[in-house]
Amino acid sequence: MSNAYLRWFTSDEEFPFFIQYGGHETDMELHNHMDFTELVIVLNGHATHVVNNEEFFIKKGNVFVINGETHHAYIDPHDFKICNIMFRPDMLSSTGPDLRKSNGFQALFVLEPFYRNIHSFPSVLALSIANLEYIEALISFMVKEYETKQQGYQTMLIARLTEMAVYLSRQYDTREKGGRGNNLLHLANAISYIEDQYLKPLSLEDIAGKSNISIRHLNRIFRSYYQMTPISYVHKLRLEKACHLLKNSNLSITQISYDCGFNDSNYFTRQFKKAYGVSPKNYRLNLS
């Protein structure tokens with residue numbers, strides 16, 4: 001087992017991005033990505049994808065994302081050709097808020113890679129021939145941009161990576177649903193709704209209704225995949241927002257509590273201290 005670093009592929013620290021056509025004729029060593037995320041599109045053939053201690057069959061059209069926590073490798077490759085796109089995890093953080101609230105984006109780029117390291121989880125997205133041809137055209141354009149490095153190539157690559165993320169997210173969202181992948185889409189739907197509405201009053205009934213599942217099923221899949229309840233996730237987002245305001249504004253703690261969706265400033269203070277070990281007041285003082 002080995003560790004892989006993005007600097008092995010590119011020395012450009014200002015633009016931490018790398019794209020290539022790849023292929024494997026022999027088995028690959030199990031490894032993990034220490035400081036980058038990898039988007040993989042299988043362009044031809046098939047292989048066995050080893051993920052941590054599990055093995056999954058992958059073939060032409062499969063798309064998946066591997067993050068730094070996951071060990072993976074390919075074995076038994078047959079005419080196996082892929083595209084590797086490697087980038088820092090925050091490179092897609094500047095995408096439009098509508099994309100980050102997309103169910104497909106949450107499922108493919110956030111939830112799948114996160115839960116793949118916790119559960120046995122296969123690649124779910126499999127592109128049709130027509131959809132794969134669209135992605136192949138994008139890849140060809142991106143590889144050429146990356147190799148020729150003409151003026152503005154970085155902006156062009158980020159734009160094309162974003163376009164690819166949108167397209168793949170749409171395909172994930174509209175693909176035939178079933179089994180565990182269906183649970184992941186329900187969860188992505190819930191998370192997308194929560195992240196859009198977390199500063200407003202939210203109930204389990206609201207979240208379950210928007211996710212088209214029962215409250216019981218919502219709680220079950222949330223605990224299974226996220227190790228917390230939906231309401232705990234709402235509080236987590238609100239407290240992260242509070243941290244941001246404590247650092248970057250002069251608003252009173254009472255005002256911050258209301259702006260972050262807490263109707264009771266004393267309750268906000270208790271929840272903040274429980275999460276971070278200090279009161280909001282001391283948190284702010286420690287920043288100065």
Side-chain angles (χ1 to χ4, degrees), residues 6 15-22 33 36-43 58 60-68 82-116 121-146 150 152-178 181-198 210-212 225 237:
L6 190 56
F15 188 61
F17 176 91
F18 181 79
I19 183 171
Q20 69 173 5
Y21 289 110
H33 308 153
F36 65 94
T37 294
E38 181 181 21
L39 171 62
V40 179
I41 302 102
V42 182
L43 302 175
I58 56 174
K60 180 178 179 178
N62 280 136
V63 179
F64 51 91
V65 176
I66 298 292
N67 68 12
I82 62 176
C83 173
N84 309 89
I85 303 177
M86 308 173 192
F87 51 92
R88 292 275 192 257
D90 60 353
M91 185 163 280
L92 286 175
S93 63
S94 59
T95 58
D98 59 333
L99 176 58
R100 296 198 64 81
K101 294 171 187 173
S102 152
N103 298 344
F105 180 87
Q106 286 288 338
L108 180 61
F109 287 92
V110 180
L111 297 177
E112 262 202 21
F114 178 75
Y115 294 118
R116 189 173 283 121
F121 197 92
S123 305
V124 174
L125 181 57
L127 299 175
S128 67
I129 296 298
N131 292 334
L132 181 58
E133 287 177 351
Y134 182 94
I135 292 297
E136 284 179 319
L138 270 179
I139 291 170
S140 177
F141 181 91
M142 292 170 72
V143 169
K144 183 177 180 181
E145 281 288 323
Y146 190 77
Q150 298 183 61
Y153 81 96
Q154 296 178 4
T155 300
M156 189 69 81
L157 283 169
I158 291 174
R160 290 294 180 262
L161 177 63
T162 303
E163 179 182 350
M164 182 178 289
V166 171
Y167 189 84
L168 293 174
S169 298
R170 288 175 177 175
Q171 299 310 311
Y172 198 114
D173 204 20
T174 58
R175 82 196 197 292
E176 183 178 356
K177 306 174 180 69
N182 196 29
N183 279 342
L184 197 66
L185 273 179
H186 283 311
L187 183 59
N189 199 357
I191 289 175
S192 297
Y193 178 69
I194 289 171
E195 292 194 351
D196 189 37
Q197 303 289 328
Y198 74 95
K210 291 295 182 178
S211 306
N212 298 313
Y225 286 95
L237 294 178

TODO: Please name all residues satisfying side chain to side chain contact (heavy atoms under 4.5 Å, CB included) with Ser102, sequence neighbours left out, ordered by chain then number.
DONE: Leu99, Phe105, Ser169

Open item on the list: Once side chain to side chain donor-acceptor pair (under 3.5 Å) is applied, do any residues pair with Ser192, and if so which ones, sequence neighbours excluded?
Closed with: Asn103

Task: Residue list, side chain to side chain donor-acceptor pair (under 3.5 Å) with Asn84, at least two apart or on another chain - done: Gln20, Glu38

Task: Gap between atom CD of Gln106 and atom CD1 of Ile194 - 0.5 Å precision - done: 10.0 Å

Task: Under the side chain to side chain contact (heavy atoms under 4.5 Å, CB included) test, residues paired with Lys210 that sit two or more places apart - done: Tyr193

TODO: Measure the spacing between CG of Leu161 and CG of Leu92 and express it to the nearest 0.5 Å.
DONE: 5.0 Å

Open item on the list: List the residues meeting ring-ring contact (aromatic ring centres under 6.0 Å, His included) with Phe15, not counting sequence neighbours, and say none if there are none.
Closed with: Phe17, Tyr153

TODO: Indicate, with yes or no, if the rings of Phe18 and Tyr146 have centres closer together than 6.0 Å.
DONE: yes

Open item on the list: To the closest 0.5 Å, what do you measure between CG (Leu237) and CG (Asp196)?
Closed with: 11.5 Å

- [ ] Of all the heavy-atom pairs spanning Ala126 and Asn62, show the shortest one and how long it is.
- [x] CB-ND2, 3.7 Å

Open item on the list: Once rounded to the nearest 0.5 Å, what's the spacing between atom OG1 of Thr37 and atom CD1 of Ile85?
Closed with: 12.0 Å

Open item on the list: I want to check something: taking the side chain as every heavy atom from C-beta on, are Cys83 and Ile19 in contact at a cut-off of under 4.5 Å?
Closed with: yes

Side chains of residues 131-143: which donor-acceptor partners sit under 3.5 Å, not counting sequence neighbours?
unit_1: Asn131; atom_1: OD1; unit_2: Tyr167; atom_2: OH; d: 2.7
unit_1: Asn131; atom_1: ND2; unit_2: Ser128; atom_2: OG; d: 3.1
unit_1: Asn131; atom_1: ND2; unit_2: Gln171; atom_2: OE1; d: 2.8
unit_1: Tyr134; atom_1: OH; unit_2: Glu163; atom_2: OE2; d: 2.7

Task: Approximate separation, where rounding is to 0.5 Å, of Leu39 CG and Phe64 CZ - done: 9.0 Å

Open item on the list: Can you give me the closest heavy-atom contact between Glu145 and Leu157, atom names plus distance?
Closed with: CB-CD2, 4.0 Å

- [ ] State the CD1-CG distance between Ile82 and Leu43, to the nearest 0.5 angstrom.
- [x] 8.0 Å

- [ ] Grab the two heavy atoms, one from His186 and one from Ser211, that are nearest each other, plus how far apart they are.
- [x] ND1-O, 3.1 Å

Open item on the list: Restricting to side chain to side chain donor-acceptor pair (under 3.5 Å), what partner residues turn up for Gln197, sequence neighbours left out?
Closed with: Lys200

- [ ] For residues Leu127 and Val63, determine if any side-chain heavy atom of one lies less than 4.5 Å from a side-chain heavy atom of the other.
- [x] yes

